[in-house]
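Since the structure comes first, as structure tokens, the remarks are kept for the end.
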Amino acid sequence: MTTKPLIDKPRLAELNETTLLDLLYYMKLMRAVEQRIERVLYRQGKIPGAVYSARGEEAIPVGSAAHLRPDDVVVSLHRTMGMFFIRGVPLRRIIAQYMGRKGGVTDGRDGNMHMGDLAYHIIAPISHLAETVPVAAGAALAIKMRGEDRVVYCYFGDGATSTGSWHEGVNFAAVQRLPLVLICDNNQWAYSTPLEKQMAVEHIVDRAAGYGIATEIVDGNDVLAVHEATGRAVARARAGEGPTLLECKTFRMTGHAAHDDARYVPAHLFEEWRAKDPIDRYQRYLREQGLLDEEKLNAMEARIEAEIDEAIAWAERQPYPSPDELERGVYYES
Amino acid sequence: MARMTYLQAISDALRYEMRRDPSVFILGEDIGVFGGAFKVTQGFLEEFGPERVIDTPISESGFTGAACAAATVGFRPVVEFQFIDFISCAFDQIVNYAGKCYYRWGIPMPVVFRGPCGGGVHAGPYHSQNPEAWFAHAPGLKVVLPATAKDAKGLLIAAIRDNNPVIYLENKFLYRHYREEVPEGEYVVPIGLAALRTIGQDLSIISYGATVHLCVAAARQLEREGASVEVVDLRSLVPLDKQTILDSVKKTNKVLIVHEANLTAGFGAEVAALISHEAFEYLDGPIMRVASLDVPSPFSPTLEMAMIPTVDKILEAARYLLAY
């Protein structure tokens, strides 16, 4: 495995050059992997089922996950691949997961980003959106009951906040003052449904008024802004001050999934948001700071392509699961 | 008559009822502007307007409850679940509100809950399920599963006109894989009548939904091997056409029950209990079942295809019974 863990830094001011470049690396890796999956492997028929990507939303999982301690718990979403890298989940296992092969995170039992691994303290999502929010609250409750200073991250999208489960989970976490960081990837579209059909308030954080928790609206296309805001939320959680809702505003630069051409999204919105691309913006920033030049960038991109090639080659060597395994593991045995 | 896919027949039924009856309206996620995840309601927003084609937030429990209330005051709502797996989010409203409403109050509840069920498309544990037994077990609900395009149309029209809550389960594999001549305009298939897909003397294969087509394929193969097989398509689980089942069993004396939902406590067990009680003396062999294995629907194609019924699995059980 070639990804390396980030150094946990509570404040931007303390970020060193390596960490600043790591943020770029993980965002670029996430985009390159998802592009390869969506535009090559899926079209080649090497990936069954559906493929979801988070093009344009990479700053949210990367900027936030950079704060995680190895013992913190994360409840993932289908648009948080960068978080998996930062946690140290090997890329080759993620590729094998998409292919439905052995060696994938779920050994072919589930597909795409539907995966978790408690070895990395990652809890898998289910398709029923926001059912994970009460689950995340429960993980945080266990931490509180044991008197630990670990935190729980829960990622979800804008649409998930319309479900009853989201509200029940947030309310429970608020009442219990649980160490929970609620990270909303507000990409403004739930499949074809825009925000104004999802809710009658302007911001996701407006919903939190009913629960008495801290909130923050964040530029979700600014990886450093996400990093800073998450740092404040984590500090509150570790200090026993309860949950924080971070609304990271971004834009889904793709369809809901690879099979969706997103014709319902007005074209000018894609244009506007392309200009705010989180990777382009951050690359410009790093160049201005004198931390990135053409040579470093080329080396990073070459490294990423090589890592992806290696991971795909490994995944393609893995067998598909044998039907003999089908009935194993429905129940805990021994 | 017009040649339609199974999916087009569903759209046709919905459109026909919405044109005929202004009290019919539809609601669900992405059904308006987008025309639905599978495009069942494409063009409906343009024809019927946003008051009757309601794009909802991601709130299955919320919009299901809203539909139930509208049904008690003169509307005939049709709720779309984007994948039927998500009906679990609305379970309480359906089982405890809709299903018990008439019994408790005497107020009719003409509402349809429809959505795509079924596997074979490598969609994993949350986009492949067959939940009919959950609802067949709850009193007050009707449960129908069309296997053909004609039935898709006729049963949906019947469901919309029914004064009870109806769970209408459409198979996503059949959406575009099945096509036939379907009557245009008025066409009703009464809820509670089974259909014979083949006529035979030696074995009854009882099924419903997508597996009916596997059973017919198996029956054709067995015909070539010299056996005469009757395929009974239940079409409706609640109410159940007991007469057609028993008539077939009393004629063939051997029974194989096939469904794609997993085996344990599946609806096949109910059919088997009925037959053993009502036709025990007529049986010349054990009542057998072919169903999915009792595991969550796995994603990887090698696992999923091993889990669900296939023509070969049906043939194997049928040959065993025929030789019994």
Side-chain angles (χ1 to χ4, degrees), chain A residues 47-50 96-102 104 106-112 114-115 125-131 157-167 189-195 197-200 256-257 259-260 262-264 319-331, chain B residues 28-39 45 50 54-65 81-83 85-93 119-129 262-264 292-308 310:
Chain A
I47 293 177
Q97 160 84 6
Y98 272 83
M99 291 179 169
R101 291 175 186 262
K102 292 288 289 177
T106 63
D107 272 341
R109 293 189 168 195
D110 209 338
N112 54 64
H114 273 221
M115 57 185 171
I126 72 171
S127 295
H128 302 58
L129 295 166
E131 297 299 332
D158 39 291
T161 67
S162 295
T163 69
S165 284
W166 186 86
H167 291 266
W189 293 87
Y191 210 147
S192 79
T193 306
L195 274 185
K197 282 192 177 171
Q198 199 64 248
M199 54 194 194
H256 169 63
H259 55 72
D260 170 20
R263 252 179 294 181
Y264 47 82
Y320 287 101
S322 161
D324 297 341
E325 299 170 23
L326 177 58
E327 291 182 279
R328 264 183 237 152
V330 179
Y331 296 96
Chain B
E29 292 156 11
D30 306 291
I31 66 167
V33 175
F34 193 49
F38 290 90
K39 304 297 177 192
L45 179 66
I54 302 174
D55 272 322
T56 65
I58 302 180
S59 308
E60 283 85 0
S61 182
F63 61 73
T64 297
F81 293 94
Q82 192 161 84
F83 285 81
D85 309 66
F86 301 125
I87 201 170
S88 55
C89 298
F91 197 75
D92 207 19
Q93 292 286 357
V121 297
H122 320 316
Y126 303 109
H127 292 75
S128 308
Q129 295 177 76
N262 59 299
L263 184 77
T264 300
S292 284
L293 302 183
D294 289 317
V295 302
S297 301
F299 167 73
S300 195
T302 53
L303 296 178
E304 188 186 18
M305 300 323 286
M307 176 209 181
I308 63 179
T310 60

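Quick note: numbers below take in every heavy atom, side chains included, and nothing from hydrogens, waters or symmetry partners. To find a chain, count down the sequence lines: A is the first, B the second, and so on, and within it residues start at 1.
In this structure, the side chain of Ser59(B) engages the main chain of Ser162(A) through a donor-acceptor pair within 3.5 Å. Here the side chain of Gln198(A) pairs a donor or acceptor atom with the backbone of Ile58(B) at under 3.5 angstrom.
Interface check for chain B: of the options Asp110(A), Thr193(A), Asp107(A), Thr163(A), the most heavy-atom pairs under 4.5 Å are formed by Asp110(A). Of the listed residues Val33(B), Asp294(B), Asp85(B), the one with more heavy-atom pairs under 4.5 angstrom with chain A than any other is Asp85(B). Ranked by heavy-atom pairs under 4.5 Å with chain B, the list Gly49(A), Pro323(A), Pro321(A), Ala130(A) is led by Pro321(A).
Heavy-atom distances place the side chain of Gln82(B), and not its backbone, under 4.5 Å from chain A. Within the 4.5 angstrom heavy-atom criterion, only side-chain atoms of Leu129(A), from C-beta onward, approach chain B. Only the backbone of Ser297(B) has a heavy atom closer than 4.5 Å to any heavy atom of chain A. With a 4.5 angstrom heavy-atom cutoff, Tyr264(A) touches chain B only via side-chain atoms. In this structure, no portion of Ser61(B) lies under 4.5 Å from any heavy atom of chain A.
Taking 4.5 Å as the limit, every side-chain heavy atom of Pro296(B) sits out of range of all side-chain heavy atoms of Arg109(A). Residues Leu293(B) and Leu326(A) meet the side-chain proximity criterion, which asks for heavy atoms closer than 4.5 Å.
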Original post:
Given the rule in the ring pair (Phe, Tyr, Trp, His ring centres under 6.0 Å) test, do Tyr126(B) and His114(A) qualify, once you have shown the distances and angles that lead to the verdict?
Top reply: CA-CA 10 Å; Tyr126(B) 303 109; His114(A) 273 221; 5.8 Å; yes
**OP:** Could you walk me through whether Asp260(A) and Phe34(B) pass the side-chain contact (heavy atoms from CB on, under 4.5 Å) test, one step at a time?
**Re:** CA-CA 10 Å; Asp260(A) 170 20; Phe34(B) 193 49; 3.8 Å; yes
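Between His128(A) and Phe86(B), the ring-plane angle classifies as perpendicular under the 30° and 60° cut-offs.
Expressed to the nearest 0.5 Å, how far CD of Glu131(A) lies from OG of Ser88(B) amounts to 7.0 Å.
The heavy-atom pair separating Leu303(B) from Ser322(A) by the smallest distance is CD2-O, 3.5 Å. Considering all non-hydrogen atoms of both residues, Pro48(A) and Phe299(B) come closest at O-CZ, 3.4 Å. Nearest heavy atom pair, residue Ser192(A) against residue Asp30(B), reads OG-OD1, 2.6 Å.
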